[in-house]
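To keep things clear, I will list the structure first and then write my remarks on it.
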Amino acid sequence: MSKKKKILIIIFSILLFIISSCLLSLYFLFVHHYKGTEKVDIWHETDEFKIENITTIQKQKDRDFVILNLADIQMCDLEDIFRMPIIYDEISYLVKTSKPDLITLTGDQTWSNENLISLKTIIKWLDGFKIPYAPVFGNHDYGNQKNSSTAELNYCCDLYENSKYCLFKRGPSNLGTLGNYVINIMEDEKVYKTLYMIDAGYEDMITDEQIAWFKWNADGIKQANGGVYSQGMCFMHKPIPEFRTAYMEYLYDSSEVEAITDVHVHYSLYGTEQNGFFEVAKECNVLDIVCGHQHGNNFTIKFQGIRLTFALKTDELGGFYEDKYIYLNGATVFTLNENVNIQNIFVDRNKYKI
Ligand SMILES: [Fe+2]
C-alpha cells in the first residue's frame with residue numbers, strides 16, 4: 001500500500017471516529033431519555049403516621065435558622081453551556097452572603113428538554129456547598145411537555161435522592177405528582193418548624209390527594225407534638241390563587257393585607273387553580289407559602305394570617321415587563337427566630353466580580 005493511501009485511511013478513520021462520537025454524544029444528550037427508577041409507594045389516608053419517617057434537620061437553640069430560597073434558575077444544557085460559570089458565581093455569592101442552614105429551591109431548576117447536564121451540574125454545585133438543600137419540581141423540570149425532558153422525572157428523583165446533601169424524597173407515587181415530602185426543623189427534641197415541599201409544578205391544580213396527604217402529615221406531626229400543630233412553611237412552584245387575591249387587596253389599600261416586603265408585580269399572577277389548599281393550610285397552622293414561577297413578580301404579602309411570598313428569581317439579568325426593563329434577580333432569605341424575617345438579596349452584577 002502506498003504511503004499516500006495509508007495517510008488517507010488514517011485521516012478517514014479519525015474523521016469517522018470524531019463524527020460517530022459526536023453523533024453518539026448528541027443522541028445520549030438530546031434524544032435518548034433517561035427514565036430513572038419507577039418506584040411504587042402507595043399512600044392511603046388510613047396509613048399509620050410514623051414521625052420517625054419524617055426527615056429532620058437540627059436548629060441550634062438561641063441561633064437563627066436561615067433558609068436561602070433559589071427560584072427558577074432555569075438552566076439549559078444548550079443555551080447556558082457557556083453561562084454556567086456565571087450562574088455558579090451568582091449562586092455562590094448568594095450562599096456566601098446569606099450563610100444558610102438550608103437551601104430551598106422552588107422549582108424550574110432547569111429549563112427546556114435539555115436538562116441532563118444542567119441538573120447534574122446544579123446538584124454538584126449544591127453538594128459542593130455542603131449545606132442541606134430541598135428542591136421541588138417546577139413545570140420546566142418536566143421538559144417542554146410533560147416528561148419530554150432528557151432526564152425524566154424519575155431520573156431527576158434518582159439524582160436528587162442520591163445526592164449527598166439533598167433532603168428530597170419522591171414521596172408517594174399515587175398523589176398525581178412526584179416530589180412531595182416533609183422536613184421537620186427540630187430544636188432539641190421539639191418540632192420548631194415543618195416544611196411541606198409540594199409539587200405544584202406541571203399540573204394546573206394541587207390534587208385532592210396531595211391535600212389529603214398534606215393534612216395527614218400535619219395531623220400526624222400535631223399528635224407527636226403534644227396536640228399542637230407545628231408552624232408550617234409550604235414551598236411550591238406555582239402560586240395558588242390567594243396570591244392574586246392578596247395582591248388585589250394590596251392594590252386597593254385594604255386593611256386585610258400587610259405588605260412585608262416591597263411589592264413588584266410585572267407579570268401574570270396566575271398559577272394553580274382554586275382547590276381549597278389555602279384553607280386547609282390555614283387550618284394546619286401554615287404561616288408561610290413560598291412560590292416561584294412568574295419571574296417578574298416578587299413580594300411578601302400577609303393575607304389571612306399567612307405570608308405569601310413570590311420568591312425572587314435566581315439568575316436573570318433583567319426582563320421587559322410592561323415596556324420597562326426590570327431587574328429582579330437574586331434570592332429570598334427567610335431568617336427564622338422567634339419571628340420570621342424575610343428579605344430579598346437583589347444581585348447587582350456590577351457589585352461583585354462575575
Ligand atoms: Fe415555571
Side-chain angles (χ1 to χ4, degrees), residues 68-80 83 87 90-91 103-116 118-119 121-123 126 133-153 156-157 160 168 175-180 196-207 210 234-244 247 264-275 277 289-300 308-321 326-332 344:
L68 169 70
N69 189 79
L70 306 176
D72 300 81
I73 301 169
Q74 294 206 171
M75 203 151 90
C76 170
D77 296 0
L78 285 178
E79 287 193 8
D80 293 316
R83 288 190 64 252
I87 301 170
E90 176 168 333
I91 294 174
I103 300 170
T104 50
L105 298 103
T106 38
D108 283 3
Q109 279 72 255
T110 62
W111 179 82
S112 193
N113 288 343
E114 289 76 39
N115 65 342
L116 181 72
S118 299
L119 184 58
T121 304
I122 289 171
I123 287 173
L126 293 168
Y133 68 98
V136 292
F137 289 123
N139 51 313
H140 289 303
D141 293 301
Y142 285 77
N144 292 335
Q145 287 88 38
K146 195 170 186 182
N147 294 331
S148 64
S149 51
T150 307
E152 289 188 7
L153 218 57
C156 297
C157 291
Y160 281 134
F168 175 91
L175 302 184
T177 61
L178 290 176
N180 298 283
Y196 301 95
M197 312 305 289
I198 308 282
D199 179 357
Y202 192 82
E203 305 297 343
D204 287 334
M205 197 169 276
I206 297 173
T207 65
Q210 278 178 293
C234 290
F235 292 83
M236 58 181 68
H237 183 62
K238 287 180 183 168
I240 54 174
E242 284 74 12
F243 278 73
R244 190 168 62 251
Y247 175 66
H264 300 274
V265 173
H266 303 288
Y267 203 61
S268 164
L269 287 151
Y270 284 88
T272 53
E273 292 168 22
Q274 186 53 269
N275 66 349
F277 177 80
I289 299 179
V290 186
C291 77
H293 186 51
Q294 305 287 24
H295 307 174
N297 303 337
N298 171 236
F299 64 63
T300 298
L308 302 175
T309 297
F310 242 118
L312 190 59
K313 185 192 179 330
T314 307
D315 180 53
E316 186 170 70
L317 282 173
F320 279 101
Y321 300 108
I326 307 282
Y327 288 87
L328 287 172
N329 177 39
T332 306
N344 293 292

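Each ligand, and each atom within it, is numbered from 1 in the order the structure gives.
Between Asn147 and Leu153, the closest side-chain pair of non-hydrogen atoms falls below 4.5 Å.
Annotation for Phe243 and Ile289: closest pair CZ-O, 3.6 Å, computed over non-hydrogen atoms. Smallest separation of non-hydrogen atoms from Lys313 and Asp72: NZ-O, 2.6 Å.
Ion pair Glu203/Lys146 flagged as a salt bridge, since at least one NZ, NE, NH1 or NH2 atom sits closer than 4.0 Å to an Asp/Glu carboxylate oxygen.
Between the CD1 atom in Ile87 and the CE atom in Met75 there is a gap of 5.5 Å [rounded to 0.5 Å].
Each protein N/O/S atom under 2.8 Å from the Fe ion (ligand 1) was counted, for a total of 4.
The aromatic rings of Phe137 and Tyr160 sit tilted, their planes meeting at an angle between 30° and 60°.
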